[in-house]
Amino acid sequence: MFVVTLCAFPAAPPTAPSASKQLMNKMESSVGEWLRLIFSHVHFPMFVVAFSINITVNSAFIVLLNEIVLFTFPGHQVDVGYMGAVVLVMGVVCVFIVGKCLDWTKKYYLSSVIICGLGMVSVALFSAVVQFQKHISVVYVAVALIGATLTPFQGVAYEYAIEMTYPLPEGTSAGIMNMASQVLSIAVIVGMGVLISNRWIFAANWMMTGLTFLCVVLTAFVRPDLKRHKLDT
């Protein structure tokens with residue numbers, strides 16, 4: 001299949017699928033020029049930070065879920081495994097639903113703010129539940145809400161960033177976002193790990209809540225033109 005695909009299929013269709021893609025194909029520029037143009041968009045750097053925070057909190061939550069839950073609910077290792085599965089399932093389902101809604105409405109700003117806001121509420125609820133609630137079933141609900149609200153933001157963010165930086169290549173903006181999110185994730189996970197190792201579990205939880213609040217604030221101030229959408233319509 002690999003050889004057949006390599007030999008029989010062209011690198012790109014002879015006709016661009018949309019007016020925006022046709023314009024992008026005509027652009028010829030160096031990577032340095034692309035980077036200069038990308039960061040000339042006022043809203044993009046701010047959105048990169050917001051995206052990085054969302055991915056960081058999601059990653060930190062998954063990595064440190066075991067330590068956080070077992071601190072309050074010792075002996076529930078099996079439940080932690082089920083919680084991880086719940087996060088994944090809810091994330092997959094809600095990514096599909098949000099993607100469909102975004103495709104129909106093209107409401108990038110509204111979708112981003114709502115998802116970030118719900119993510120902040122979910123993380124705050126989880127932090128409060130772990131600290132004050134003694135029933136493991138309530139933790140399942142909080143974990144499911146986190147999976148349903150944090151995960152879908154990634155797909156929305158990529159599309160939103162493409163609209164901001166159009167007609168520059170999608171891979172460049174997505175690469176910058178991924179690089180920034182990975183760097184921030186490493187720093188925050190290490191920092192939270194230090195807090196947890198010193199048994200400051202609740203401080204680590206509320207640290208995630210504060211980060212999601214910052215994500216909401218930054219996303220609310222991002223109001224770019226939807227350049228690609230305007231051209232295609």
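Listed by first and then second residue, the ring pair (Phe, Tyr, Trp, His ring centres under 6.0 Å) pairs involving residues 79-104 amount to none (not counting sequence neighbours). Applying the ring pair (Phe, Tyr, Trp, His ring centres under 6.0 Å) definition to pairs two or more places apart or across chains, those involving residues 186-214 are F71-F202. Applying the ring pair (Phe, Tyr, Trp, His ring centres under 6.0 Å) rule to pairs touching residues 128-147 yields nothing, sequence neighbours excluded.
Below 30°, between 30° and 60°, or above 60°: for Y160 and Y108 the angle between ring planes is below 30°, a parallel geometry.
Following chains of ILVMFWY side-chain contacts shorter than 4.5 Å, one cannot reach I114 starting from V156, and the two form parts of different hydrophobic clusters. The hydrophobic clustering, which links ILVMFWY residues whose side-chain heavy atoms are closer than 4.5 Å, places M207 and V217 together. Hydrophobic cluster membership is shared by Y109 and F221, with clusters built from Ile, Leu, Val, Met, Phe, Trp and Tyr side chains linked at under 4.5 angstrom. Transitive grouping of hydrophobic side chains (ILVMFWY, heavy atoms separated by less than 4.5 Å) brings M83 and L125 into a common cluster.
A distance of 4.0 Å separates CZ in F61 from CD1 in I146, rounded to the nearest 0.5 Å. Atom OG of S52 sits about 6.0 Å away from atom CG of L184, to the nearest 0.5 Å. Rounded to the nearest 0.5 angstrom, I189 CD1 and I62 CD1 are separated by 10.0 Å. Here M177 contributes atom CE and Q154 contributes atom CD; the two are 8.0 Å apart, rounded to the nearest 0.5 Å. Within the model, atoms CG of L211 and CG of N54 stand 10.5 Å from one another, a figure rounded to the nearest 0.5 Å. In this structure, K106 NZ and S111 OG are separated by 11.0 Å, a value rounded to the nearest 0.5 Å.
Nearest heavy atom pair, residue A142 against residue V129, reads CB-CG2, 4.5 Å. Heavy atoms only, all atoms of each residue included: L195 and A203 are closest at CD1-C, 4.4 Å. When all heavy atoms of M208 and I68 are compared, the closest pair comes out as CE-CD1, 4.3 Å. Between L70 and G75 the shortest heavy-atom distance is CD2-N, 4.2 Å. Between F153 and C116, the shortest heavy-atom contact is CE1-SG, 3.3 Å. Taking each heavy atom of T149 and L118 in turn, the nearest pair found is CG2-CB, 3.6 Å.
By the 4.5 Å heavy-atom criterion applied to side chains, V141 and S137 are not counted as neighbours.
For the pair N178 (side chain) and A174 (backbone), a donor-acceptor distance under 3.5 Å is present. With hydrogens and angles ignored, the 3.5 Å screen pairs no side-chain donor or acceptor of T151 with any backbone N or O of A148. The backbone N or O of G119 lies less than 3.5 Å from no partner atom in the side chain of T212, so there is not a single donor-acceptor pair.
S112 and T219 share no side-chain donor-acceptor pair at under 3.5 Å.
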